[in-house]
Amino acid sequence: MEGDDVVMAAPESTEADLDDMKRRLKEMEDEAAALRDMQAKVEKEMGSVQDPAAAATSQANREEVDSRSIFVGNVDYSCTPEEVQQHFQSCGTVNRVTIRTDKYGQPKGYAYVEFLEAEAVQEALLLNESELHGRQLKVTAKRTNIPGMKQYRPRRSNPFMQPRDPFMAPYFFSPYGYGKVPRLRMATRYSPYY
């Protein structure tokens, strides 16, 4: 007990520390609320957080826009959106032309054309196999992608793999070690430099 030093703090310093802690806690809570507000504002602008009703309306809106749009394939790489717009101007009023590019900014060779009227799509489909910059365009109606519905691609079979029999007995341990297979060598002529 002699070596134990117990320091008794004055009651006013404890109250001052407690008030200081309450003040800092209040500041942190205010800052957290401000951050939550900013995050909600950014998410609202970006459209990443949507309630199911808003998601359904956006999906319906996307389907409506896609019904007024066409896919144009085999577009020349030097073609500009203005030239594509002029090519399809005879079908109806063009709202938007999108030429897809890769991550380096090079055109991928296809475009999407959105019209103001849905009837213009039928007119544009008549321009299938027309020429622009010396290339035959492939014009089809734009299809709507359904979120979460990825096209199923079965695995390609490897011609070097042997088909496994599902009723085959399990492998026995090889006396040569894991992954080692005895190789049978053909009898060869003697070659001193082999």
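Keep in mind the model is a prediction, meaning the values are calculated, not measured.
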The complete set of salt bridge (Lys or Arg N to Asp or Glu O under 4.0 Å) pairs with one or both residues in residues 121-131, sequence neighbours excluded, reads none

Could I get the full list of side-chain contact (heavy atoms from CB on, under 4.5 Å) partners for Gln89, not counting sequence neighbours?
-> Gln85, Val94

How about Val84 and Cys79: do any of their side-chain heavy atoms sit closer than 4.5 Å?
-> yes

With side chains defined as the heavy atoms from C-beta onward, is the minimum distance between Lys142 and Ile70 less than 4.5 Å?
-> no

Do Val113 and Leu127 share a hydrophobic cluster, counting only Ile, Leu, Val, Met, Phe, Trp and Tyr and linking them when any side-chain heavy atoms are less than 4.5 Å apart?
-> yes

By side-chain contact (heavy atoms from CB on, under 4.5 Å), which residues pair with Asn128, not counting sequence neighbours?
-> Lys138, Val139

What's the verdict on side-chain contact (heavy atoms from CB on, under 4.5 Å) for Leu137 and His87, showing C-alpha distance, side-chain angles and the deciding distance?
-> CA-CA 11 Å; Leu137 298 179; His87 188 76; 3.7 Å; yes

Separation of Glu64 CD from Ser69 OG (nearest 0.5 Å) | 9.0 Å

Validation row: Gln136, Ser130 side chains within 4.5 angstrom (heavy atoms) | no

Rounded distance [0.5 Å steps], CG in Leu125 versus SG in Cys91 | 8.5 Å

Take Phe88 and Thr93 through the test side-chain contact (heavy atoms from CB on, under 4.5 Å) and record every step on the way to the result.
-> CA-CA 8 Å; Phe88 289 100; Thr93 309; over 6 Å; no

Does the pair Asp19 and Arg23 meet the rule for a salt bridge (charged side-chain N to carboxylate O under 4.0 Å, His left out), with working shown?
-> CA-CA 6 Å; Asp19 290 339; Arg23 184 180 48 78; over 6 Å; no

Residue pair Tyr77, His133: steps toward the side-chain contact (heavy atoms from CB on, under 4.5 Å) verdict = CA-CA 10 Å; Tyr77 296 121; His133 278 252; over 6 Å; no

Take the angle between the ring planes of Tyr110 and Phe71 and call it parallel below 30°, perpendicular above 60°, tilted in between.
-> tilted

Is the CD atom of Glu31 crowded by more than 12 outside heavy atoms at less than 6.0 Å?
-> no

Using atom types as modelled and distance alone, determine if a side-chain donor or acceptor of Glu29 lies under 3.5 Å from a backbone N or O of Lys26.
-> no

Connected-component partners of Met38 among ILVMFWY, side-chain separation under 4.5 Å | Leu35

Contacts table for residues 95-105: side-chain donor-acceptor under 3.5 angstrom, sequence neighbours left out:
| from | atom 1 | to | atom 2 | distance (Å) |
| --- | --- | --- | --- | --- |
| Asn95 | ND2 | Glu114 | OE2 | 2.7 |
| Asp102 | OD1 | Tyr104 | N | 3.0 |
| Asp102 | OD1 | Gly105 | N | 3.1 |
| Asp102 | OD1 | Gln106 | N | 2.8 |

Which residues satisfy the side-chain contact (heavy atoms from CB on, under 4.5 Å) test with Gln39, sequence neighbours excluded?
-> Glu43

Residue pair Lys41, Asp37: steps toward the salt bridge (charged side-chain N to carboxylate O under 4.0 Å, His left out) verdict | CA-CA 6 Å; Lys41 182 178 156 187; Asp37 291 342; over 6 Å; no

Please round to the nearest 0.5 Å and tell me the distance separating atom CZ of Arg135 and atom CG of Asn74.
-> 4.0 Å

